[in-house]
Student: 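Okay, handing you the structure first.
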Amino acid sequence: MAAAAATAATKGNGAGGGRVGAGEAAGTRKKKGPGPLATAYLVIYNVVMTAGWLVIAVGLVRAYLAKGSYHSLYYSIEKPLKFFQTGALLEILHCAIGIVPSSVVLTSFQVMSRVFLIWAVTHSVKEVQSEDSVLLFVIAWTITEIIRYSFYTFSLLNHLPYLIKWARYTLFIVLYPMGVSGELLTIYAALPFVRQAGLYSISLPNKYNFSFDYHAFLILVMISYIPIFPQLYFHMIHQRRKILSHTEEHKKFE
Amino acid sequence: MKHYEVEILDAKTREKLCFLDKVEPQATIAEIKNLFTKTQGKSLKDEDVLQKLPVGTTATLYFRDLGAQISWVTVFLTEYAGPLFIYLLFYFRVPFIYGHKYDFTSSRHTVVHLACTCHSLHYVKRLLETLFVHRFSHGTMPLRNIFKNCTYYWGFAAWMAYYINHPLYTPPTYGAQQVKLALAIFVICQLGNFSIHMALRDLRPAGSKTRKIPYPTKNPFTWLFLLVSCPNYTYEVGSWIGFAIMTQCLPVALFSLVGFTQMTIWAKGKHRSYLKEFRDYPPLRMPIIPFLL
């Protein structure tokens, strides 16, 4: 039973696999799981999030049909995207209070990187909002999150359709690189505007003897994808092999 | 009285976890559970005597590979030598750090020279303590730690030193008054920290690994033991706060904050193990901050 689950993997989260971890893979370990009140709350939370990302998906489709092109669709889903992605910060709280058996550190890292992209890049640098790369990661995230939150919902209710499990551990193969590409291209597109405006940057001299160059920081963030992305991607592949073959074996014995 | 042999297996894997061969017939399940956890849980100490272990006549010892190890002394020396050296590179404005016109120039602010002295003496103190004062419980730590620790110490040292020794450095807002006060805090806390290290050393004879409750001595700096379990950490945080006020440098304040967080975690752990080990541990003591934390 995969209680409202586990984390690991996916920096920036382009992935369809989303978070995977010990809680599910170790099928032989009996997990205590959250109490009935916590479970009810988590079911509601996950249902709301699934609905939220469905709203974003539908919004994208409708905007595309109305406009006749896939450019600049960001504006049509900007508000729900910000609302529901930022709402995911609650997941850090869930881990911290123990109703979800995942690492606080790992969850924080994942959620914060998404929130960073939404607010500190896309929202802050208006000029990138019309870039196609934004659509790339928004689509990747949307599909990923719809599957991930429904996965958690079904798991909590102890009724997980194989299709959802399959989708979660398979679609990431395409969605993860897609999302990462979208994210990197967006950050890259933002660079000249950040430099020009001196966005979020402080220079010397000042009385706190501190300086920060947001432009350089963004470049460092982009570089950090190089070690992090392969690790997470191959971790997911490994998890996929473990979890999907495990289910296959169980089916054989039925 | 006939003794029982009790075999405990893992319910799922059927693997043999423990074999107790001299169990009293009167023993309750609770007592058996206790014997079992004692033989599983924490690792055995080098000093433990086989006969005294609760394992009957057949002892099963579980081996756990801790991975590549490195001595504490080596790690400490490396992680402390770095900041000492690195800070000086910035202080002397070695080429390629600041603009070329500043190469090998000297700051015109007194506080910058003072800060270099304080920072350098602090790390010299740490190196000397590592060589001559500290008595370590464990000989080694995982090898991975040296990379982690050095990144932390060396990285922060470079970051702080860059700003303090920068040609565009701005001296403290309240001038000499602020610097004097900060220096006093720094010196007092350094003396305090050193006093605690000496007191802890004296608790333990050379070559031994015994643990005793530390108490205040004649040295007034050690009276902080009345209120906290780890006054060495309290004084260390105090020193860095002093240094932050002295230099009025945000990176120093951040370094102090991170250090404080880590030391609080250590202090809480130490405090907890004192409480577990000693029944008569003084109840007034907090881990690191008197009355608060």
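Below, chain A is the first sequence line, B the second, and so on; all start at residue 1.
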Student: Check the angle between the aromatic planes of A:F210 and B:W159 and answer parallel, tilted or perpendicular using the 30° and 60° thresholds.
Tutor: perpendicular
Student: Counting only heavy atoms not in A:R195 (residues, nucleotides, ligands), do more than 12 fall under 6.0 Å from its CZ?
Tutor: no
Student: Of the non-hydrogen atoms in A:K207 and B:Q248, which two are nearest, and what is the gap between them?
Tutor: O-NE2, 3.0 Å
Student: For residues A:S211 and B:Y163, report the shortest heavy-atom separation together with the two atoms involved.
Tutor: OG-OH, 2.6 Å
Student: Would you find more than 12 non-hydrogen atoms of other residues, nucleotides or ligands less than 6.0 Å from A:Y188 atom OH?
Tutor: no
Student: I'd like to know whether NZ of A:K126 has more than 12 heavy-atom contacts from other residues, nucleotides or ligands below 6.0 angstrom.
Tutor: yes
Student: When you look at CE of A:M112, are more than 12 heavy atoms from neighbouring residues, nucleotides or ligands closer to it than 6.0 Å?
Tutor: no
Student: Drop me the distance from A:N209's CG to B:L250's CG, to the nearest 0.5 angstrom.
Tutor: 9.5 Å
